[in-house]
Amino acid sequence: MKAVEIAENIYFIGANIKNGDLFEGMWPIPDGVSLNSYIVKGDKTALIDLVRDWDNAPEALKEQLASLNIDINNIDYLVLNHLEPDHTGWLCEFLKLNPKVTILTTQLGKNMVKGFYKNEDNVQIVKDGEKLDLGNNMELTFYTAPNVHWPETMVTYNEKSGVLFSCDAFGSYGCVDNPFDDQLDDEKHAFYDRESLRYYANIVASFSPFVQKAIDKLASLDIKMIAPSHGIIWRENPSVIIERYRRFAEYMNGPAEPEITILWGSMYGNTESALAPLIDGIKSEGVTVHLHQVPNEDVSFPLTSAYKSAGLVFAMPTYEYRMFPPVAAAIDMFGRKHLKNKKVLRIGSYGWSGGAQKEFDSITADYNWDCLEPVEWQGGCDEDTKKKIYEQGKKLAKTVKEFCGV
Ligand SMILES: Cc1cc2nc3c(=O)[nH]c(=O)nc-3n(C[C@H](O)[C@H](O)[C@H](O)COP(=O)(O)O)c2cc1C
Ligand SMILES: [Fe+2]
Ligand SMILES: [Fe+2]
């Protein structure tokens, strides 16, 4: 693969990870992920963001640097916008090949370079708004963007071209073949739309207030291109991904979209048999339903759907006096990821004396969920219960519509 010029003397270098590993050791990436780095050339050369030794990413980096006739040893500056190892894991090897490079990062980034890589040499701290002159009319400006999604995070901006190197911010899962937004057809755009939401819900959602702050802070810049370190480069319409991220961040405060995610799990089908009237009830109000079953699906997917939905239904039986464990595990994840401000319904079957509802109420007490009257029944779901469930589904859909003002 060859490096791609994205603006005068600015190049994209991308490594696609498609070996089937989980991202951050836990999130499935069936369509891979890209680790993007960038070269900015003035009289001096800067490399923005590195890679991890993962699925031959260092080889891809070296190959593309070679396509630009750049020897690693001749890179003057290494900008580390973010210290998470997907962008820094290869640092020790890089330093062996280029012992005189200057690493640019925030104060917190410097502490992390020491902590992760036991290196204190060559690191220069940059402050918010500080500029670096690369010569030949090429300048970089650094802006801190704390807690998007790590505390040391910053972004780098080239005023001349208007390119913002945003690292994880405005990123997405998914490998990248054609890097630019204007090279993609509708299907590909729909794919990155989905995968940017999943990336956001999985990785960034908990830090939404900081995302909002960062977007507000960067609003004064004349951003002509967004060049993130995962996913595609936005050169035709950078505002699409900025507005998308703004919307994603607002989902946390609610209301999210006027949609309902049903998360369900069932051992013998008694809870499952209530799904049809539930869905009918919701659909009778014209509200879109997303159905996710656990443990069959990895939590990454229902988490994404639930993050974007203003309404949630949890359909699960009682299991050993408590919630059905796969649904309980997903609810735990929803809490960890701060899925707040939702309209919620819980339904489910029990066999002896129940218990799932009690645990559900106590675990979600501080989730800031507005819960409708639950529906529980013993064993099979009879016609009366199905009617009740239909009605509660309808009521939830109405509540969601009111909440969302539609
Ligand atoms: C391993 C296991 C544990 C259970 N624990 C409880 C329980 O603690 N309390 C209860 O009321 N029912 C309990 N039940 C009964 C189920 O809740 C009941 O069979 C229910 O109808 C299952 O719904 P499902 O078909 O949707 O899985 C348990 C069932 C199983 C198989
Ligand atoms: Fe990260
Ligand atoms: Fe990352």
Side-chain angles (χ1 to χ4, degrees), residues 14-15 17 21-27 29 32-37 48-52 54 57 80-90 105 108-109 112 116 145-155 165-174 176 195-196 199-200 202-207 210-211 214 227-231 262-276 278 293-296 314-328 346-360 375-382 385 389:
I17 308 300
D21 278 0
L22 299 170
F23 192 72
E24 289 188 345
M26 64 183 292
W27 307 111
I29 38 171
V33 67
S34 71
L35 303 180
N36 308 345
S37 303
I48 299 178
D49 295 332
L50 202 57
V51 292
R52 163 187 176 210
W54 190 18
L80 296 181
N81 281 318
H82 171 36
L83 263 292
E84 189 167 1
D86 52 336
H87 309 288
T88 59
W90 197 59
T105 187
L108 290 175
M112 289 185 187
F116 282 92
N147 299 311
V148 180
H149 61 136
W150 277 30
E152 83 299 355
T153 309
M154 66 174 192
V155 297
F165 304 96
S166 59
C167 200
D168 281 353
F170 310 120
S172 168
Y173 292 141
V176 169
E195 286 295 85
S196 60
Y199 176 80
Y200 188 94
N202 293 179
I203 310 290
V204 192
S206 299
F207 299 89
F210 297 97
V211 173
S229 290
H230 302 292
I262 301 173
L263 181 68
W264 71 280
S266 175
M267 295 178 280
Y268 295 110
N270 289 318
T271 304
E272 185 179 4
S273 65
L275 294 177
L278 172 70
Q293 184 187 9
V294 283
N296 307 42
F314 298 94
M316 67 174 136
T318 293
Y319 183 99
E320 294 177 354
Y321 304 100
R322 298 171 70 183
M323 292 190 275
F324 185 51
V327 178
R346 192 248 140 192
I347 63 169
S349 174
Y350 63 91
W352 323 331
S353 54
Q357 188 61 39
K358 191 170 169 216
E359 192 195 17
F360 178 85
V375 186
E376 287 197 291
W377 62 96
Q378 188 177 27
C381 194
D382 62 20
T385 310
I389 289 167

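Model, not experiment: these values are computed from the prediction. Just follow the structure's listing: the first ligand is 1, and inside any ligand the first atom is 1.
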Any N/O/S atom, backbone or side chain, of H87 lying under 2.8 Å from the Fe ion (ligand 3)?
yes
Would you call the rings of H82 and H149 parallel, tilted or perpendicular, taking 30° and 60° as the class edges?
perpendicular
Ring centres of Y173 and H230 under 6.0 Å apart?
no
Is H149 close enough to the Fe ion (ligand 2) that one of its N, O or S atoms comes in under 2.8 Å?
yes
Do ligand 1 and E272 have nitrogen or oxygen atoms that lie under 3.5 Å from each other?
no
Quick one: look up the protein heavy atom nearest atom 25 (O) of ligand 1 and list residue, atom name and how far away it is.
N270 N, 2.8 Å
Looking only at N, O or S atoms, which one in H82 sits nearest to the Fe ion (ligand 2)?
NE2
Do any N/O/S atoms of E84 come under 2.8 Å of the Fe ion (ligand 3)?
no
Assess the pair W352 and Y321: is the distance between their ring centroids shorter than 6.0 Å?
yes
Would a 4.5 Å heavy-atom cut-off, applied to side chains only, mark M112 and P151 as touching?
yes
Report the nearest protein non-hydrogen atom to atom 1 (C) of ligand 1: residue, atom name, distance rounded to 0.1 Å.
Y319 CE1, 3.4 Å
For the residue pair C381 and I389, what are the closest heavy atoms and their distance?
SG-CD1, 3.9 Å
To make sure I understand the geometry: which N, O or S atom in D168 is closest to the Fe ion (ligand 2)?
OD2
Closer than 3.5 angstrom, by distance alone: can the side chain of T385 be matched with the main-chain N or O of W377 as a donor-acceptor pair?
no
Validation row: P317, Y350 side chains within 4.5 angstrom (heavy atoms):
no
Ranked by distance from atom 5 (N) of ligand 1, the top protein heavy atom is E320 N, 2.6 Å
Heavy-atom protein neighbour under 4.0 angstrom from atom 19 (O) of ligand 1
no
In terms of residue, atom name and distance, what is the protein heavy atom nearest to atom 16 (C) of ligand 1?
T318 O, 3.6 Å
May I ask you to test the I29-L22 pair for a side-chain heavy-atom distance under 4.5 Å?
no
Hey, which atoms in ligand 1 end up nearer than 4.0 Å to a heavy atom of S266?
24 (P), 25 (O), 26 (O), 27 (O)
Protein heavy atom at shortest distance from atom 29 (C) of ligand 1:
M267 CE, 3.7 Å
With carbon and hydrogen excluded and only N/O/S kept, which atom of D86 is nearest the Fe ion (ligand 3)?
OD2
For atom 10 (C) of ligand 1, the option (of W377, Y321, W352) bearing the nearest heavy atom
W352
Partner of V51 under side-chain contact (heavy atoms from CB on, under 4.5 Å), picked from N36, T88, L35, is L35
For atom 21 (O) of ligand 1, state which one of S349, G355, G351 supplies the nearest heavy atom.
S349
Evaluate the side-chain proximity of N147 to T153: yes if any heavy-atom separation is below 4.5 Å, no if none is.
no
Nearest option to atom 23 (O) of ligand 1, as decided by whichever heavy atom of S353, S273, P325, P317 sits closest
P317
Looking at every non-hydrogen atom in both residues, tell me the closest pair between M316 and F324 and how far apart they are.
SD-N, 3.8 Å
